[in-house]
> 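Please find one structure pasted underneath; my questions will follow.
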Amino acid sequence: MFLAAPAVLAARPARVAPPAPYGAIPSSRQLAWHELETTAFLHFTVNTFTDKEWGYGDEDPNLFQPAAFDADAIVSALAAAGMRGAILTCKHHDGFCLWPTKTTEHSLRASSWRGGKGDVVRDIAEAARRHKLKFGVYLSPWDRNNAHYGTPQYIAVYRQQLTELLTGYGPVFEVWHDGANGGDGFYGGAREKRLIDKRTYYGWPKTWELVRTLQPEAVIFSDVGPDIRWVGNEQGIAGDPCWAAYDPVGAGGGAASPGDVRESESPAGHRHGSRWLPAECDVSIRPGWFWHERENARVKTAAQLADLYYQSVGRGANLLLNVPPNRDGLLSAEDRASLESFGEYRRATFGKDLAAQAHAAASHMRGNDPAYGAEHLVDGRSGTYWAVDDGVLAADATLDFGRAVTFSVIRLREAIRFGQRIDRVAVDRWSAGSWTPLAAVTGIGARRLIRLERPVTAERLRLRVTAASASPALREFAVFAEPGDAR
Ligand code: FUL
(Lines give C-alpha, C1' and ligand atoms only; values in the text may rest on other atoms or scores of the structure.)
Protein backbone atom coordinates (compact mmCIF):
# COMPACT_ATOMS: atom_id res chain seq x y z
CA MET A 1 0.00 0.00 0.00
CA PHE A 2 1.79 3.12 -1.23
CA LEU A 3 0.24 6.49 -0.70
CA ALA A 4 0.61 9.73 -2.61
CA ALA A 5 3.13 12.55 -2.18
CA PRO A 6 3.69 13.58 1.47
CA ALA A 7 3.75 17.33 0.87
CA VAL A 8 0.21 17.28 -0.50
CA LEU A 9 -1.04 15.04 2.26
CA ALA A 10 0.62 17.05 5.02
CA ALA A 11 -1.27 20.13 3.89
CA ARG A 12 -4.59 18.30 3.87
CA PRO A 13 -6.59 18.81 7.04
CA ALA A 14 -7.53 15.67 8.93
CA ARG A 15 -11.10 14.43 8.55
CA VAL A 16 -10.78 12.28 11.61
CA ALA A 17 -9.89 13.67 15.05
CA PRO A 18 -6.36 12.99 16.36
CA PRO A 19 -5.94 10.47 19.15
CA ALA A 20 -6.77 11.61 22.65
CA PRO A 21 -3.55 12.16 24.65
CA TYR A 22 -2.46 9.23 26.81
CA GLY A 23 -1.13 9.71 30.34
CA ALA A 24 1.31 12.53 31.11
CA ILE A 25 1.91 14.96 28.25
CA PRO A 26 4.61 17.59 27.69
CA SER A 27 4.07 21.34 28.00
CA SER A 28 4.99 23.53 25.05
CA ARG A 29 8.23 24.56 26.77
CA GLN A 30 9.12 20.88 27.28
CA LEU A 31 8.32 20.12 23.63
CA ALA A 32 10.71 22.88 22.55
CA TRP A 33 13.39 21.53 24.92
CA HIS A 34 13.12 18.01 23.47
CA GLU A 35 13.98 19.40 20.04
CA LEU A 36 17.33 20.66 21.30
CA GLU A 37 18.80 17.16 21.90
CA THR A 38 22.25 18.35 22.93
CA THR A 39 23.24 21.43 24.88
CA ALA A 40 26.51 22.51 26.47
CA PHE A 41 27.42 23.35 30.03
CA LEU A 42 30.11 25.93 30.73
CA HIS A 43 31.66 25.57 34.19
CA PHE A 44 33.81 28.64 34.63
CA THR A 45 34.65 30.73 37.71
CA VAL A 46 37.37 31.35 40.30
CA ASN A 47 37.78 27.57 40.57
CA THR A 48 39.32 27.62 37.11
CA PHE A 49 42.16 29.61 38.65
CA THR A 50 42.39 27.92 42.05
CA ASP A 51 42.29 24.41 40.58
CA LYS A 52 39.30 23.44 42.69
CA GLU A 53 35.94 21.84 42.00
CA TRP A 54 34.16 23.54 44.90
CA GLY A 55 35.44 26.97 45.96
CA TYR A 56 35.17 27.85 49.65
CA GLY A 57 33.77 31.33 49.02
CA ASP A 58 36.76 33.33 50.30
CA GLU A 59 38.45 33.80 46.91
CA ASP A 60 40.00 37.11 45.95
CA PRO A 61 37.98 38.33 42.91
CA ASN A 62 41.26 39.37 41.32
CA LEU A 63 42.11 35.72 40.83
CA PHE A 64 39.67 35.67 37.94
CA GLN A 65 41.89 36.77 35.03
CA PRO A 66 40.97 35.03 31.77
CA ALA A 67 43.23 37.26 29.69
CA ALA A 68 42.14 35.98 26.28
CA PHE A 69 38.46 35.34 27.13
CA ASP A 70 36.58 35.03 23.86
CA ALA A 71 32.91 34.09 24.17
CA ASP A 72 32.56 33.88 20.41
CA ALA A 73 35.37 31.34 20.08
CA ILE A 74 33.87 29.24 22.88
CA VAL A 75 30.33 29.27 21.52
CA SER A 76 31.35 28.67 17.90
CA ALA A 77 33.19 25.49 18.99
CA LEU A 78 30.02 24.35 20.75
CA ALA A 79 27.94 25.13 17.67
CA ALA A 80 30.29 23.10 15.48
CA ALA A 81 29.61 20.09 17.69
CA GLY A 82 25.87 20.47 17.12
CA MET A 83 25.07 21.98 20.52
CA ARG A 84 21.83 23.94 20.46
CA GLY A 85 22.13 25.67 23.81
CA ALA A 86 24.72 26.77 26.36
CA ILE A 87 24.19 26.92 30.13
CA LEU A 88 26.71 29.01 32.04
CA THR A 89 27.59 28.68 35.74
CA CYS A 90 26.66 32.30 36.43
CA LYS A 91 27.34 31.50 40.10
CA HIS A 92 28.78 28.26 41.47
CA HIS A 93 28.88 27.20 45.14
CA ASP A 94 31.68 29.73 45.89
CA GLY A 95 29.13 32.51 45.33
CA PHE A 96 31.32 34.40 42.83
CA CYS A 97 29.01 36.07 40.32
CA LEU A 98 30.13 36.26 36.69
CA TRP A 99 28.05 39.37 36.14
CA PRO A 100 28.09 42.76 37.89
CA THR A 101 25.29 41.92 40.30
CA LYS A 102 23.96 44.46 42.76
CA THR A 103 23.55 41.74 45.39
CA THR A 104 27.15 41.07 46.46
CA GLU A 105 30.71 42.27 46.27
CA HIS A 106 31.84 38.77 45.43
CA SER A 107 31.55 39.37 41.70
CA LEU A 108 33.30 40.56 38.57
CA ARG A 109 32.70 44.14 39.66
CA ALA A 110 35.30 43.62 42.39
CA SER A 111 37.83 42.07 40.01
CA SER A 112 40.55 43.99 38.25
CA TRP A 113 39.78 41.89 35.15
CA ARG A 114 38.57 44.33 32.49
CA GLY A 115 38.73 47.06 35.12
CA GLY A 116 35.71 45.67 36.97
CA LYS A 117 33.59 46.14 33.83
CA GLY A 118 33.64 42.52 32.68
CA ASP A 119 30.37 40.60 32.28
CA VAL A 120 30.84 36.98 31.28
CA VAL A 121 27.08 36.34 31.39
CA ARG A 122 26.45 39.09 28.85
CA ASP A 123 29.29 37.98 26.58
CA ILE A 124 28.21 34.32 26.54
CA ALA A 125 24.51 35.22 26.13
CA GLU A 126 25.30 37.48 23.18
CA ALA A 127 27.67 35.00 21.54
CA ALA A 128 25.02 32.30 21.93
CA ARG A 129 22.50 34.46 20.14
CA ARG A 130 24.95 35.18 17.33
CA HIS A 131 25.57 31.46 16.82
CA LYS A 132 21.89 30.55 17.19
CA LEU A 133 22.30 28.68 20.44
CA LYS A 134 19.83 29.12 23.28
CA PHE A 135 21.21 30.58 26.47
CA GLY A 136 20.64 29.10 29.94
CA VAL A 137 21.68 29.94 33.49
CA TYR A 138 23.06 27.88 36.37
CA LEU A 139 22.68 29.70 39.67
CA SER A 140 23.88 27.63 42.63
CA PRO A 141 21.44 27.75 45.55
CA TRP A 142 24.29 26.95 47.93
CA ASP A 143 26.44 30.06 48.39
CA ARG A 144 29.56 29.58 50.50
CA ASN A 145 30.42 33.27 50.36
CA ASN A 146 27.21 34.90 51.47
CA ALA A 147 27.05 35.95 55.13
CA HIS A 148 23.30 35.41 55.14
CA TYR A 149 23.34 31.86 53.84
CA GLY A 150 21.05 29.82 56.07
CA THR A 151 18.71 32.74 56.89
CA PRO A 152 15.62 34.00 54.99
CA GLN A 153 17.62 37.05 53.94
CA TYR A 154 19.73 34.91 51.63
CA ILE A 155 16.63 33.60 49.86
CA ALA A 156 15.78 37.20 48.95
CA VAL A 157 19.34 37.59 47.62
CA TYR A 158 19.04 34.40 45.58
CA ARG A 159 15.76 35.54 44.05
CA GLN A 160 17.25 38.95 43.31
CA GLN A 161 20.17 37.31 41.52
CA LEU A 162 17.78 35.18 39.51
CA THR A 163 15.76 38.29 38.66
CA GLU A 164 18.88 40.05 37.39
CA LEU A 165 19.79 37.07 35.23
CA LEU A 166 16.29 36.60 33.88
CA THR A 167 15.68 40.24 33.08
CA GLY A 168 19.06 41.49 31.90
CA TYR A 169 20.23 39.04 29.27
CA GLY A 170 17.43 38.29 26.82
CA PRO A 171 15.56 34.99 26.44
CA VAL A 172 16.69 32.16 28.71
CA PHE A 173 15.75 28.61 27.69
CA GLU A 174 16.70 26.74 30.88
CA VAL A 175 17.20 27.60 34.53
CA TRP A 176 19.42 25.05 36.26
CA HIS A 177 19.30 24.47 40.00
CA ASP A 178 21.85 21.95 41.26
CA GLY A 179 21.17 19.87 44.34
CA ALA A 180 24.33 20.50 46.39
CA ASN A 181 23.06 22.13 49.54
CA GLY A 182 24.82 23.46 52.58
CA GLY A 183 27.99 22.59 54.48
CA ASP A 184 31.28 24.30 55.27
CA GLY A 185 31.89 27.75 53.91
CA PHE A 186 33.32 31.22 54.34
CA TYR A 187 29.91 32.83 54.91
CA GLY A 188 31.14 36.42 55.18
CA GLY A 189 34.04 35.38 57.42
CA ALA A 190 32.18 33.10 59.83
CA ARG A 191 34.01 30.09 58.37
CA GLU A 192 31.63 27.52 59.72
CA LYS A 193 29.33 24.70 58.77
CA ARG A 194 25.77 25.66 57.91
CA LEU A 195 23.17 23.03 57.28
CA ILE A 196 19.77 23.86 55.92
CA ASP A 197 16.57 21.88 55.53
CA LYS A 198 16.64 21.08 51.82
CA ARG A 199 12.91 20.50 51.77
CA THR A 200 11.84 23.88 53.09
CA TYR A 201 14.70 26.38 53.20
CA TYR A 202 14.74 27.56 49.59
CA GLY A 203 10.98 27.98 49.16
CA TRP A 204 11.25 26.49 45.68
CA PRO A 205 7.62 26.86 44.62
CA LYS A 206 7.88 30.63 45.00
CA THR A 207 11.21 30.79 43.16
CA TRP A 208 9.82 28.72 40.32
CA GLU A 209 6.83 31.06 40.09
CA LEU A 210 9.31 33.90 39.70
CA VAL A 211 10.95 32.08 36.79
CA ARG A 212 7.55 31.52 35.20
CA THR A 213 6.74 35.21 35.50
CA LEU A 214 10.05 36.48 34.16
CA GLN A 215 10.76 33.84 31.50
CA PRO A 216 7.60 31.85 30.79
CA GLU A 217 9.26 29.83 28.03
CA ALA A 218 12.20 28.68 30.17
CA VAL A 219 12.29 25.11 31.44
CA ILE A 220 13.31 24.66 35.07
CA PHE A 221 15.76 21.86 35.85
CA SER A 222 16.47 20.25 39.20
CA ASP A 223 16.61 16.77 40.71
CA VAL A 224 12.82 16.88 40.65
CA GLY A 225 11.90 19.28 37.85
CA PRO A 226 9.37 20.91 37.72
CA ASP A 227 10.09 20.69 33.96
CA ILE A 228 13.25 18.65 33.51
CA ARG A 229 14.65 16.03 35.87
CA TRP A 230 18.22 15.11 36.68
CA VAL A 231 18.90 11.66 35.24
CA GLY A 232 20.31 10.49 38.56
CA ASN A 233 24.00 10.20 37.61
CA GLU A 234 26.76 12.43 36.29
CA GLN A 235 27.97 9.95 33.68
CA GLY A 236 25.64 11.17 30.94
CA ILE A 237 23.73 7.89 30.78
CA ALA A 238 19.96 7.52 30.77
CA GLY A 239 18.10 4.38 31.80
CA ASP A 240 17.14 1.88 29.13
CA PRO A 241 14.29 2.50 28.93
CA CYS A 242 14.11 6.08 30.14
CA TRP A 243 10.43 6.96 30.48
CA ALA A 244 9.59 10.64 30.23
CA ALA A 245 7.03 10.42 33.03
CA TYR A 246 8.18 10.52 36.65
CA ASP A 247 6.77 11.02 40.13
CA PRO A 248 9.88 11.68 42.21
CA VAL A 249 9.89 10.74 45.89
CA GLY A 250 12.33 11.91 48.53
CA ALA A 251 15.29 9.76 49.53
CA GLY A 252 13.48 8.86 52.75
CA GLY A 253 10.18 8.17 50.98
CA GLY A 254 8.54 11.56 51.64
CA ALA A 255 8.02 14.48 49.28
CA ALA A 256 10.97 15.05 46.94
CA SER A 257 12.83 18.35 46.57
CA PRO A 258 16.06 19.46 44.88
CA GLY A 259 18.85 17.61 46.69
CA ASP A 260 16.42 15.10 48.18
CA VAL A 261 15.27 12.50 45.69
CA ARG A 262 15.42 8.72 45.47
CA GLU A 263 17.87 9.02 42.62
CA SER A 264 17.97 5.29 41.85
CA GLU A 265 14.56 5.79 40.20
CA SER A 266 15.58 8.81 38.14
CA PRO A 267 17.35 7.07 35.22
CA ALA A 268 14.31 4.98 34.25
CA GLY A 269 11.48 7.25 35.38
CA HIS A 270 8.04 5.70 35.78
CA ARG A 271 6.20 4.11 32.87
CA HIS A 272 2.82 5.35 34.06
CA GLY A 273 3.98 8.34 36.09
CA SER A 274 1.59 11.26 36.38
CA ARG A 275 3.99 14.06 35.31
CA TRP A 276 5.90 14.55 32.07
CA LEU A 277 9.36 15.10 33.57
CA PRO A 278 11.99 14.09 30.99
CA ALA A 279 15.59 13.37 31.93
CA GLU A 280 18.62 15.50 31.21
CA CYS A 281 22.00 13.75 31.24
CA ASP A 282 24.73 16.09 32.51
CA VAL A 283 28.29 14.94 32.07
CA SER A 284 31.67 16.60 31.67
CA ILE A 285 33.98 16.15 28.72
CA ARG A 286 36.71 15.91 31.39
CA PRO A 287 36.80 14.10 34.74
CA GLY A 288 36.04 17.35 36.61
CA TRP A 289 33.41 20.03 35.97
CA PHE A 290 36.01 22.82 35.99
CA TRP A 291 39.15 23.06 33.90
CA HIS A 292 42.30 21.57 35.41
CA GLU A 293 45.58 21.42 33.57
CA ARG A 294 46.25 17.90 34.87
CA GLU A 295 43.13 16.65 33.05
CA ASN A 296 44.13 17.87 29.60
CA ALA A 297 45.07 14.34 28.60
CA ARG A 298 41.79 12.94 29.89
CA VAL A 299 39.37 14.71 27.58
CA LYS A 300 36.73 12.33 26.22
CA THR A 301 37.24 11.36 22.60
CA ALA A 302 34.68 11.93 19.85
CA ALA A 303 33.92 8.19 19.92
CA GLN A 304 33.18 8.38 23.67
CA LEU A 305 30.96 11.41 23.11
CA ALA A 306 29.11 9.52 20.38
CA ASP A 307 28.55 6.61 22.79
CA LEU A 308 27.14 9.04 25.34
CA TYR A 309 24.91 10.55 22.67
CA TYR A 310 23.36 7.14 22.00
CA GLN A 311 22.99 6.45 25.73
CA SER A 312 21.24 9.75 26.43
CA VAL A 313 19.65 11.36 23.36
CA GLY A 314 19.17 7.87 21.93
CA ARG A 315 16.92 7.01 24.88
CA GLY A 316 14.72 10.09 24.69
CA ALA A 317 16.71 12.24 27.16
CA ASN A 318 18.80 15.32 26.35
CA LEU A 319 22.58 15.43 26.70
CA LEU A 320 24.06 18.38 28.61
CA LEU A 321 27.77 18.19 27.87
CA ASN A 322 30.09 20.27 30.02
CA VAL A 323 33.08 21.82 28.26
CA PRO A 324 34.94 24.03 30.75
CA PRO A 325 36.85 27.12 29.58
CA ASN A 326 40.48 27.26 30.70
CA ARG A 327 42.49 30.02 32.42
CA ASP A 328 42.91 31.92 29.16
CA GLY A 329 39.13 32.06 28.89
CA LEU A 330 39.07 29.70 25.91
CA LEU A 331 38.37 26.04 25.32
CA SER A 332 41.59 24.03 25.32
CA ALA A 333 42.80 22.48 22.08
CA GLU A 334 42.02 18.95 23.33
CA ASP A 335 38.39 19.82 24.05
CA ARG A 336 38.00 21.66 20.75
CA ALA A 337 39.40 18.71 18.80
CA SER A 338 36.92 16.29 20.40
CA LEU A 339 34.01 18.66 19.85
CA GLU A 340 34.94 19.13 16.24
CA SER A 341 35.16 15.43 15.45
CA PHE A 342 31.99 14.71 17.40
CA GLY A 343 30.28 17.35 15.23
CA GLU A 344 31.70 15.77 12.09
CA TYR A 345 30.43 12.37 13.18
CA ARG A 346 26.97 13.76 13.81
CA ARG A 347 26.83 15.55 10.47
CA ALA A 348 28.16 12.55 8.54
CA THR A 349 25.72 10.17 10.23
CA PHE A 350 22.53 12.15 10.72
CA GLY A 351 22.87 14.57 7.80
CA LYS A 352 21.20 12.09 5.44
CA ASP A 353 18.11 10.06 6.25
CA LEU A 354 18.28 7.00 4.00
CA ALA A 355 14.56 6.46 4.54
CA ALA A 356 13.63 9.84 3.08
CA GLN A 357 13.15 8.32 -0.38
CA ALA A 358 11.58 5.10 0.86
CA HIS A 359 7.94 4.17 0.34
CA ALA A 360 6.19 3.81 3.67
CA ALA A 361 3.15 1.61 4.19
CA ALA A 362 1.33 0.40 7.27
CA SER A 363 -1.02 -2.28 8.49
CA HIS A 364 -3.41 0.36 9.90
CA MET A 365 -4.29 4.00 9.26
CA ARG A 366 -6.39 6.05 11.63
CA GLY A 367 -9.96 6.44 10.33
CA ASN A 368 -8.65 5.55 6.88
CA ASP A 369 -7.64 9.21 6.76
CA PRO A 370 -4.43 9.92 4.79
CA ALA A 371 -3.67 12.70 7.28
CA TYR A 372 -2.45 9.81 9.48
CA GLY A 373 -0.75 7.78 6.76
CA ALA A 374 2.55 5.95 7.11
CA GLU A 375 4.32 8.28 4.68
CA HIS A 376 4.47 10.82 7.51
CA LEU A 377 7.09 8.58 9.09
CA VAL A 378 9.53 9.61 6.36
CA ASP A 379 8.42 13.13 5.42
CA GLY A 380 10.97 14.86 7.66
CA ARG A 381 8.28 17.04 9.22
CA SER A 382 7.87 17.57 12.93
CA GLY A 383 4.12 18.11 12.93
CA THR A 384 2.94 15.04 11.00
CA TYR A 385 2.69 11.45 12.19
CA TRP A 386 1.37 7.99 11.48
CA ALA A 387 -1.53 7.02 13.72
CA VAL A 388 -3.96 4.14 13.99
CA ASP A 389 -7.47 3.75 15.35
CA ASP A 390 -8.17 3.92 19.06
CA GLY A 391 -7.86 0.51 20.62
CA VAL A 392 -5.34 -0.77 18.05
CA LEU A 393 -2.29 -1.60 20.15
CA ALA A 394 -0.25 -3.67 17.71
CA ALA A 395 0.52 -2.41 14.20
CA ASP A 396 3.28 -2.56 11.59
CA ALA A 397 4.89 0.02 9.33
CA THR A 398 7.15 -0.94 6.46
CA LEU A 399 9.77 1.05 4.56
CA ASP A 400 10.60 -0.10 1.05
CA PHE A 401 13.87 1.41 -0.15
CA GLY A 402 13.47 0.02 -3.66
CA ARG A 403 17.13 -1.05 -3.50
CA ALA A 404 19.60 -2.52 -1.04
CA VAL A 405 20.53 0.04 1.60
CA THR A 406 23.32 -0.32 4.17
CA PHE A 407 22.92 1.33 7.56
CA SER A 408 23.71 0.95 11.24
CA VAL A 409 21.38 3.42 13.01
CA ILE A 410 17.59 3.56 13.19
CA ARG A 411 15.79 6.56 14.68
CA LEU A 412 12.21 6.40 15.93
CA ARG A 413 10.20 9.26 17.38
CA GLU A 414 6.75 9.25 18.87
CA ALA A 415 4.35 12.16 18.40
CA ILE A 416 4.87 12.95 22.08
CA ARG A 417 2.28 15.67 22.29
CA PHE A 418 -0.09 12.72 22.57
CA GLY A 419 1.95 11.21 25.39
CA GLN A 420 4.29 8.22 25.48
CA ARG A 421 2.03 5.53 24.06
CA ILE A 422 4.31 2.77 22.81
CA ASP A 423 5.83 0.21 25.19
CA ARG A 424 7.81 -2.03 22.91
CA VAL A 425 8.77 -2.36 19.25
CA ALA A 426 10.74 -4.76 17.09
CA VAL A 427 12.43 -4.08 13.78
CA ASP A 428 12.87 -6.70 11.04
CA ARG A 429 14.76 -6.50 7.78
CA TRP A 430 13.76 -7.94 4.44
CA SER A 431 16.58 -9.44 2.61
CA ALA A 432 16.86 -12.33 0.15
CA GLY A 433 13.13 -12.92 0.26
CA SER A 434 12.36 -13.09 3.98
CA TRP A 435 12.04 -11.09 7.20
CA THR A 436 14.75 -11.44 9.83
CA PRO A 437 14.51 -9.84 13.30
CA LEU A 438 17.05 -7.07 13.70
CA ALA A 439 16.39 -5.37 17.02
CA ALA A 440 13.80 -4.89 19.74
CA VAL A 441 13.57 -2.05 22.25
CA THR A 442 11.39 -0.94 25.12
CA GLY A 443 10.32 2.70 25.09
CA ILE A 444 10.59 5.35 22.37
CA GLY A 445 9.20 8.70 23.54
CA ALA A 446 10.85 11.80 22.10
CA ARG A 447 13.54 9.73 20.40
CA ARG A 448 14.96 6.24 20.27
CA LEU A 449 18.20 5.53 18.48
CA ILE A 450 18.96 1.92 17.73
CA ARG A 451 22.64 1.56 16.95
CA LEU A 452 23.34 -1.83 15.47
CA GLU A 453 26.52 -3.67 16.36
CA ARG A 454 27.49 -3.78 12.72
CA PRO A 455 26.07 -2.30 9.53
CA VAL A 456 23.37 -4.31 7.82
CA THR A 457 21.98 -4.24 4.33
CA ALA A 458 18.27 -4.51 3.57
CA GLU A 459 15.79 -3.68 0.84
CA ARG A 460 12.95 -3.21 3.31
CA LEU A 461 12.56 -2.58 7.01
CA ARG A 462 9.54 -3.37 9.13
CA LEU A 463 8.65 -1.82 12.45
CA ARG A 464 6.33 -3.87 14.61
CA VAL A 465 4.69 -2.23 17.58
CA THR A 466 4.48 -5.26 19.85
CA ALA A 467 3.11 -3.59 22.99
CA ALA A 468 1.44 -0.25 23.55
CA SER A 469 -0.61 1.38 26.28
CA ALA A 470 -2.56 3.45 23.75
CA SER A 471 -2.85 3.38 19.96
CA PRO A 472 0.58 4.28 18.49
CA ALA A 473 1.24 7.74 17.05
CA LEU A 474 4.72 7.81 15.52
CA ARG A 475 6.37 10.82 13.98
CA GLU A 476 9.51 9.30 12.46
CA PHE A 477 11.14 6.11 11.25
CA ALA A 478 14.56 7.13 9.93
CA VAL A 479 17.65 5.20 8.92
CA PHE A 480 21.29 6.32 8.90
CA ALA A 481 24.72 5.07 7.93
CA GLU A 482 27.67 5.90 10.17
CA PRO A 483 30.92 6.96 8.54
CA GLY A 484 32.65 3.73 7.66
CA ASP A 485 29.48 1.75 6.90
CA ALA A 486 29.73 0.56 3.33
CA ARG A 487 27.13 2.39 1.24
C1 FUL B 1 26.66 19.55 41.13
C2 FUL B 1 27.75 20.48 41.60
O3 FUL B 1 28.11 20.21 42.95
C4 FUL B 1 28.94 20.28 40.70
O5 FUL B 1 30.03 21.11 41.08
C6 FUL B 1 28.51 20.59 39.27
O7 FUL B 1 28.17 21.95 39.16
C8 FUL B 1 27.34 19.71 38.88
C9 FUL B 1 26.83 19.97 37.51
O10 FUL B 1 26.29 19.87 39.80
O11 FUL B 1 25.55 19.59 41.93
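Remember, it's 1-based here, ligands and their atoms both numbered in the order they're listed. In this text the structure is predicted, and so the values were computed from the model without any measurement. Heads up: numbering here begins at 1 and tracks the sequence.
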> Which residue holds the protein heavy atom closest to atom 11 (O) of ligand 1, what is that atom called, and what is the gap in Å?
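So the nearest neighbour among protein heavy atoms is Asp178 CB, 3.4 Å.
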
> Using a strict cut-off of 4.0 Å, indicate which atoms of ligand 1 neighbour a heavy atom of Asp282.
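Taking each heavy atom of Asp282 in turn, ligand 1 has 9 (C) under 4.0 Å.
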
> On the ring face of Tyr246, is Arg229 found with NZ or CZ under 6.0 Å from the centre and within 45° of the axis?
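Judged by the rule, Arg229 and Tyr246 form a cation-pi pair.
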
> Among Trp54, Trp142, Tyr138, find the residue that satisfies the side chain to side chain donor-acceptor pair (under 3.5 Å) test when tested with His92.
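So, applying the side chain to side chain donor-acceptor pair (under 3.5 Å) to His92 and each of Trp54, Trp142, Tyr138, only Tyr138 qualifies.
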
> Under the side-chain hydrogen bond (donor to acceptor under 3.5 Å, both in side chains) criterion, do His43 and Asn322 qualify, and how do the steps go?
CA-CA 7 Å; His43 272 67; Asn322 179 60; 3.0 Å; yes

> If you measure every N/O of Trp176 against every N/O of ligand 1, is any gap under 3.5 Å?
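Among all N and O atoms of Trp176, none is under 3.5 Å from an N or O of ligand 1.
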
> Could you tell me whether the side chains of Thr48 and Arg327 share a donor-acceptor contact shorter than 3.5 Å?
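No, no side-chain donor-acceptor pair sits under 3.5 Å.
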
> Closer than 3.5 angstrom, by distance alone: can the side chain of Glu53 be matched with the main-chain N or O of Trp289 as a donor-acceptor pair?
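Yes; at least one donor-acceptor contact below 3.5 Å.
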
> Would you check, one step at a time, whether the test salt bridge (Lys or Arg N to Asp or Glu O under 4.0 Å) holds for Arg191 with Asp184?
CA-CA 7 Å; Arg191 298 186 181 274; Asp184 284 343; over 6 Å; no

> What protein heavy atom lies closest to atom 3 (O) of ligand 1? Include the residue and the distance to one decimal.
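Ranking protein heavy atoms by distance from atom 3 (O) of ligand 1, first comes His93 NE2, 2.8 Å.
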
> Pick out which of Ile450, Thr349, Asp485, Val479 makes a side chain to side chain contact (heavy atoms under 4.5 Å, CB included) with Ser408.
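The single option meeting the side chain to side chain contact (heavy atoms under 4.5 Å, CB included) with Ser408 is Asp485.
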
> Passes side-chain hydrogen bond (donor to acceptor under 3.5 Å, both in side chains), Tyr309 versus Glu37? Steps please.
CA-CA 9 Å; Tyr309 178 80; Glu37 290 198 358; 2.7 Å; yes

> Closer than 4.0 angstrom: is that true for some heavy atom of Trp54 and an atom of ligand 1?
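It does, in that a heavy atom of Trp54 comes within the 4.0 Å cut-off of ligand 1.
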
> Are any of the N/O atoms on His43, whether in the backbone or the side chain, positioned under 3.5 angstrom from an N/O atom of ligand 1?
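N/O-N/O distance below 3.5 Å exists for this pair.
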
> Would you mind running through ligand 1 and noting each atom that sits below 4.0 Å from a heavy atom of Glu234?
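Going through ligand 1 atom by atom, the ones under 4.0 Å from Glu234 are 1 (C), 8 (C), 10 (O).
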
> Identify, by atom number and element, the atoms of ligand 1 in contact range of Tyr138, meaning under 4.0 Å from any of its heavy atoms.
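Taking each heavy atom of Tyr138 in turn, ligand 1 has 2 (C), 7 (O) under 4.0 Å.
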
> Just jot down the ligand 1 atoms closer than 4.0 angstrom to any heavy atom of Phe41, in number order.
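Close to Phe41: 9 (C).
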
> Would you mind running through ligand 1 and noting each atom that sits below 4.0 Å from a heavy atom of Ala180?
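Heavy-atom distances to Ala180 below 4.0 Å select 3 (O).
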
> Among Lys52, Glu53, His92, which one puts a heavy atom closest to atom 5 (O) of ligand 1?
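Heavy atom nearest to atom 5 (O) of ligand 1 belongs to His92.
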
